[in-house]
Amino acid sequence: MIVSPSILSCDFGNLQRDIEMLNSSEASWIHIDVMDGVFVPNISFGFPILKSVRKHSQKILDVHLMIQNADLYLEEFKDAGADILTVHIEGCTHLHRTLQRIRNLGMRPGVALNPHTPVSALQHIIEEVDVVLVMSVNPGFGGQSFNPESLEKVAEVKRLAAVRNPTLVIEVDGGVNHENGLLLANVGATALVAGNYIFHAENPVKAIEALSNIECR
Ligand code: DX5
Ligand code: ZN
């Protein structure tokens, strides 16, 4: 299982310490939640934090944009160190063009689905992406509880991907823990984002290990 700890839940006063903890862990990716206060009702952080994480880590930086007008900032995210750049299907008018630009800039494109967005919205773009991010909470905040409806959604993405994009990474974000992580793996998830479950654990390195030991189907 790919584990992508969300630094939204880290201690920003000790960002370098927390990044070094992740470096020493089995996490394959680091999840970076960028929020603009418009697309979601919260503001997180932007380029300076991303650049700091890049400076202190060789891990794959998995950047989740919860912003309007992502098109205006694609080059800047590349320059700041993003490896995977995920945009929301609900926030992009010309999604196909946005995803192609992300790939042409040398990043891996991802697309995120809010809880209300049907999997059928992927029908015409699933071949264009390396990652589908299924939101299991309404985006904007860490520490919310997992919506079990996302299990059926992951299964649906898996069925679509089996035919159209077999190497697709199916990532789930929001309220993920070890218990629902096992259920998610059973229906086809191959990457798990976790914020609170990791950073509020007694031993975050062990919590990451527990998630990464979950076997994918
Ligand atoms: C929510 C963010 C998530 C969040 C996950 O809008 O996209 O990545 O940080 O945090 P937990 O795991 O605490 O729900
Ligand atoms: Zn996220």
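On a predicted model such as this, the values are computed, not experimentally measured, just so you know. Computation of the quantities below employed the complete heavy-atom set of this structure, encompassing side-chain atoms and omitting hydrogens, waters and symmetry-equivalent molecules. Order of listing sets the numbers, starting from 1, for every ligand and every atom in it.
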- Task: Quick one: pull up SG in C216 and CD1 in I2 and give me the separation to the nearest 0.5 Å.
- Result: 7.5 Å

- Lys/Arg-Asp/Glu bridge criterion (N-O < 4.0 Å) met for R97, D71: no

- Verify same cluster id: I7, V3 (apolar side-chain graph, 4.5 Å): yes

- Message: Could you tell me, atom by atom, which parts of ligand 1 come under 4.0 Å of a heavy atom of G175?
- Response: 11 (P), 12 (O), 14 (O)

- Query: Taking the side chain as C-beta and beyond, is there a heavy-atom pair between V53 and F45 under 4.5 Å?
  - Reply: no

- Note on the structure: CG (D130) and CG (L99) are apart, to the nearest 0.5 Å, by 10.0 Å

- Residue, atom and distance of the protein heavy atom nearest atom 12 (O) of ligand 1 read G195 N, 2.8 Å

- Could an N or O of ligand 1 be found under 3.5 Å from any N or O of M35, whether backbone or side chain? no

- Query: Which of the numbered atoms in ligand 1 are below 4.0 angstrom from a heavy atom of D173?
  - Reply: 2 (C), 3 (C), 4 (C), 5 (C), 7 (O), 8 (O)

- Message: Just to be sure I read this right, does ligand 1 sit under 4.0 Å from the backbone of N196, its side chain, both, or neither, counting only heavy atoms?
- Response: both

- Hey, are the side chains of V63 and H31 touching, using non-hydrogen atoms and a 4.5 Å cut-off? no

- Has ligand 1 got any nitrogen or oxygen that is less than 3.5 angstrom from a nitrogen or oxygen of N138? no

- Message: If we set the cut-off at 4.0 Å for heavy atoms, which region of P139 has an atom near ligand 1: side chain, backbone, both, or neither?
- Response: both

- Relative to the heavy atoms of A194, which atoms of ligand 1 are at a distance of less than 4.0 Å? 12 (O)

- Task: Heavy atoms only: give me the nearest N23-S57 pair and the separation to one decimal.
- Result: OD1-OG, 2.7 Å

- Query: Do any N/O atoms on G140 end up under 3.5 angstrom from N/O atoms on ligand 1?
  - Reply: yes

- What do we get for Y197 next to ligand 1 when only non-hydrogen atoms under 4.0 Å count, side chain, backbone, both or neither? neither

- Item | Environment of the Zn ion (ligand 2) in terms of protein N/O/S atoms, cut-off under 2.8 Å | H31 NE2, D33 OD1, H64 ND1, D173 OD2

- Message: Tell me every residue that passes side-chain contact (heavy atoms from CB on, under 4.5 Å) with P139, counting only those two or more places apart in sequence or in another chain.
- Response: V40, M66, H88, N114, P115, M135

- Main-chain N/O of H94 paired to T98 side chain as donor or acceptor, under 3.5 Å: yes

